[in-house]
Every structure is written in structure tokens, then in C-alpha cells.
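What follows is a short report on a single structure.
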Amino acid sequence: MASEPEVRAGLRRAGQEHLLRFWAELAPGRRAALLAQLAQLEPDALGAHCERAAAACARPPGPPPGLGARLQPLPPERLGSARRAHPDARRRWEEEGFRQIAQNKVAVLLLAGGQGTRLGVAYPKGMYRVGLPSHKTLYQLQAERIRRVEQLAGQRHGTRCTVPWYIMTSEFTLDPTAKFFEEHDFFQLDPANVVLFEQRMVPAVTFEGKAILEQKHKVAMAPDGNGGLYRAMADHQILEDLERRGVEFVHVYCVDNILAQLADPIFIGFCVWRGADCGAKVVEKADPEEPVGVVCQLDGVPQVVEYSELSPETARLRGADGSLVYGAGNICSHFFTRAFLQTVTREFEPLLRPHVAVKKVPYVDEEGNLVKPLEPNGIKMEKFVFDVFQFAKNFVAFEVCREEEFSPLKNAEGAGRDDPATARRALLAQHYRWALQAGAHFLDAHGAPLPELPSLPPDGDPPATCEISPLVSYSGEGLEVYLQGRELQSPFVLDKDQARVLRPQDT
Ligand code: UTP
């Protein structure tokens, strides 16, 4: 291993000598750990990384010059819609999706390496409870959706099938996630079909282009973005594992969307039917200012253009029918063929351009005190999972209904947008709608009928609280047997194992 003087000389050249500020007071073990980390980062490469990050961050925000002229919306032949499609088409896609699932050709891949700094809890986001009557975590909801979709596909095709679950974690989330799954007996999934792997980390950088000390003997590192997926897949032979299992199609999704429909047969079937190698679910943007990326074309090539890169005029453009021209909001729910993932991992990954993410990075100050900043103080360079769309030979987008499929948990309680309350409300509103459709009626605590409001305002609580286990229903199917004509007192939970309506106090 390189000696301290050698590393110091390298750091000096790279303008990063401050990383050895506390050297004199470090115990031998800590000195060795710091030297090992710095040697692995390579001082010259570290310096170049810091310079790139600071330069990228210093670029003025807003649309790059001339971008507007290079943009077009996706052409209609690249766009499908679950909302607008004829029911026969939906049935065909669903049938195709279930057929692929039943043949063990579909896997789901969860992006769960993020640090969730905005939510601000000290554990992985998947372990978060948004306050449902059942107290389920995001991970549990997802595990149960996998079990249900396997069951539905199996029933249709008279077989037993598996949807393996790949979970990309990072240094922050791997150990607690693994422990959590073990403690919960993998939510009754076979542990052999739950594959955790870890993404790489890159140094966090100040706005002045300096690497940050997170402890006196440790450089602050951050996961390399959800687009780190492709390197991580190569690092951990995930493509080989997919191939060994005979998986052809992978549904990639984010941990924080409480409504995520894992291995959605309609989406899978649509993509397979169209012969797509890469697909993205989109929702109609709520308004031009909504801060989500837009799926469109840049110079004729499919891309996600970030909200901040669209000029306000472009974002507000409307077509003849009044809808936003750039209204296809990306919800981070993607379809990839294994062959496409293979090509990306082998050929295109190095071409992915890192993006600047400005975040709060804990650090040690000059005196050696640990500081948890209240405002963003650092740059993390992140690759994005969707930046591979440009390499697809046959890209398709699939429009879905926001209230059924998208409610991300990003912010801490009380933010009023994308927070635990909005996520909880979105799920309970969905289950309330399903229950009404299945013929249930709700009563209040005194036995008086509650109003039946099939369409709720987005920020309104449903009149009755109703939670349905994903083990009972994946997307509203099969509920009549439990709910048709029933008068149910709010709140209630419909749980699988008991196969009866439970009151929260019974659970
Ligand atoms: P976000 O961009 O919302 O980031 O991630 P985050 O880290 O979860 O939260 P903040 O920004 O710090 O508050 C979107 C999805 O991408 C995953 C996240 O776990 C989430 O599912 N992700 C993000 C990764 O898997 N790795 C990363 O390096 C970053």
C-alpha cells in the first residue's frame, strides 16, 4: 500500500490535501483505513472527479441553449395508454403479461440504494411505514404484490411460477435491508428468489470542488445514482443470474412509489406485444410546473428531459386537445429486455453522463466536530437509470392512471407533497375505490351510511378508511367475494390469512 507521504503528495497535486488534516491525531488503525480509502480512490482520479463535479454544479441552471428547438414529443407510434386503450387491447396485453410471468420469464428489480435524505430517516426507505391501519412497510407491500401476481399468473396457467426480486442497495441500505428481510422471514418469499446486491459509491464534493471528510478518517461517499444499476449488475453478475433463471424481461421500479405495480402484467404484455426492448410508464403531468422529468425525444432520440431543463414556455405548450405537449411524466417504472440490459452494461454504460444532485452531506468541521447541515452543502454526482433510453432500438412509453399507479414518498411528514400523508391517502383512496366497485357500502361508527364518492379530490381523504392486503387483490380484482353487498364499518382491513374482514383492533 502507498505510504502517507506518497498519498499526501498525490493529494497536494489534486488540491485535496485537506483530507489528511487530522492525520496527526489518528490512531494507527484509523490511519490505515484512511490511507486505504485514499489509495483506492486514487488522488489524481479524485481530483478530476472533484473538478468535474464543481464545474457541473457551477453551470447556470435552466435549459441548455437551443434545447427547445431540438425537442419533440414522443410520436404516437411510441406511445400506448392503459387509460385510453380499448378493453380488448388491455385484456390482450394482460394475458400476454401473465403468460410471460407464468413461464418464469419476468423479474422485478427494485432501486433501493438511495439515501432518502429528504425523508430524513436513519434507515432504508423501504422499511418506512406511512401509517396504514395494517402498519405495513413499503417492502412488505411490495413483497405481497409479488406473491399475488405470481399466484394470479399461476392460477391462469395452471402452474407454479416465480418472479425473482432483485434489490439494488448501497453501503447505506444493504445491511439494514438484509437484516430486515431476515427478521421478517422474507415476507414468505423464498430467500433464493430475493437477490440483494450493492451499487458503487463516489465521493461527495463541496461546491468549491473539495472532497468532504465525513469522519476524521473517512471521506464522505454517496451512491452513484440509480443509473449505477448497470455497473452494479456487471459487478455482481446479475445478468448471468437472470439468464440462469431464464428471465427475459425485467421490471425496474423505485422503492418510494407506494402504488408501484410490480411486474404489472398489462405493462409487460404491452411492451412484449410491441416488441420493445425498453419501455417506461408515464403519467400525465398534473400541471406544467410539476417537477418530474418528461419522456420525449431529443434530436429524434427518446430521452427523459429533466424538469429544470425545460423552459417555462416549453413546459406550458399545449396541443389542440388542450393537453400538455410535454406532459408524459416519468414515474421511474421501466421495462427492459435482458438482451437490452446486456448491451447497455457491456457497451453503453461508460457513455452515461453523471448529473449533479445537491444534497445535505454530514461532515467534520475544522475542529473535528460532526456537523449535520440543515441546508444542502454538497454535490453528489449521480447517473440516472433512464439515461439508457437513448440506446433502445424500440422504445415505448405507456401512459397509466396517476391515481392508480403513482404516489412517491420523497419528503418528511408535513411537507404536504409527496410525503407520508399523501402516500397513505393515495393507497387508502385506491382501496376505497376498489371496495366501492366491488359493491361494498360503508358505515360510520354509529352505523350511519357514509357517502360514496368514487372520485375523490387528490388531496382529500376518502370518506371511509379501507385497507386491502395485496395478497387479496393486486389491482382491484377478486374482491366481490368478500365485499359484494357488505355493509362495513370504517375503518377496516381486509386481510388474506384470515380471509375475513378485520377491524384494526383485531389485527
Ligand atoms: P431519489 O432520486 O428520490 O433519491 O431516488 P433518494 O436518495 O431516494 O432520496 P433523496 O433525494 O436523498 O431524498 C429515486 C429512486 O432511486 C433510488 C432510490 O432508492 C429511489 O428508489 N436510488 C437513488 C438508488 O437506488 N441509488 C441511488 O444512488 C440513488
Side-chain angles (χ1 to χ4, degrees), residues 53 108-128 130 137-139 141-142 165-174 176-177 180 195-204 220-233 235-236 238 250-260 262 280-281 290-293 304 306-308 329-334 349 352 354-362 372-388 406-415 417-420 422-423:
V108 288
L109 193 152
L110 166 60
L111 303 169
Q115 290 175 279
T117 52
R118 284 168 290 173
L119 183 62
V121 291
Y123 51 83
K125 235 189 230 185
M127 290 163 54
Y128 193 81
V130 298
T137 57
L138 294 175
Y139 281 148
L141 292 171
Q142 294 169 21
W165 193 6
Y166 293 86
I167 305 180
M168 182 174 81
T169 58
S170 63
E171 189 179 297
F172 298 102
T173 59
L174 177 61
T177 298
F180 188 73
V195 180
L196 272 65
F197 62 104
E198 196 176 342
Q199 67 180 109
R200 293 194 200 173
M201 307 284 282
V202 290
M221 303 289 285
D224 59 353
N226 57 25
L229 171 66
Y230 309 105
R231 283 211 295 208
M233 288 186 97
D235 289 347
H236 301 283
I238 298 300
V250 182
H251 178 216
V252 174
Y253 70 101
C254 284
V255 71
D256 48 27
N257 178 11
I258 195 166
L259 300 181
L262 283 69
K281 279 193 184 182
E290 189 187 7
V292 292
V304 175
E306 285 189 80
Y307 162 74
S308 54
N330 176 39
I331 64 168
C332 195
S333 177
H334 308 316
E349 193 286 326
L352 296 181
H355 300 250
V356 169
V358 175
K359 304 219 176 184
K360 296 177 207 161
V361 183
K372 289 197 171 161
L374 298 175
E375 295 301 325
N377 62 321
I379 310 165
K380 297 181 178 177
M381 295 301 280
E382 299 192 336
K383 292 188 170 181
F384 289 166
V385 66
F386 54 70
D387 273 345
V388 301
F406 185 51
S407 180
L409 172 63
K410 299 286 184 193
N411 303 313
E413 192 86 62
R417 181 167 206 163
D418 299 343
D419 67 7
T422 59

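As the structure is a computational prediction, the values presented were derived from the model and not from experiment. Just so you know, ligand 1 is whichever comes first in the structure, and atom 1 is the first atom listed for that ligand.
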Non-hydrogen side-chain atoms of Phe384 and Glu306 separated by less than 4.5 Å: yes
Neighbour list for ligand 1 [protein residues, heavy atom under 4.0 Å]: Leu111, Ala112, Gly113, Gly114, Gln115, Gly116, Thr117, Arg118, Lys125, Met168, Gln199, Pro223, Gly225, Asn226, Cys254, Val255, Asp256, Lys359, Lys410
Arg200/Asp224 salt bridge by N-O under 4.0 Å criterion: no
Whether His236 and Phe197 hold their rings parallel, tilted or perpendicular, with breakpoints at 30° and 60°: tilted
Between Lys359 and Gln115: side-chain donor-acceptor atoms closer than 3.5 Å: no
Asn330 side chain vs Gly293 backbone, donor-acceptor pair below 3.5 Å: no
Donor-acceptor contact below 3.5 Å, side chain Asn377 vs main chain Val361: yes
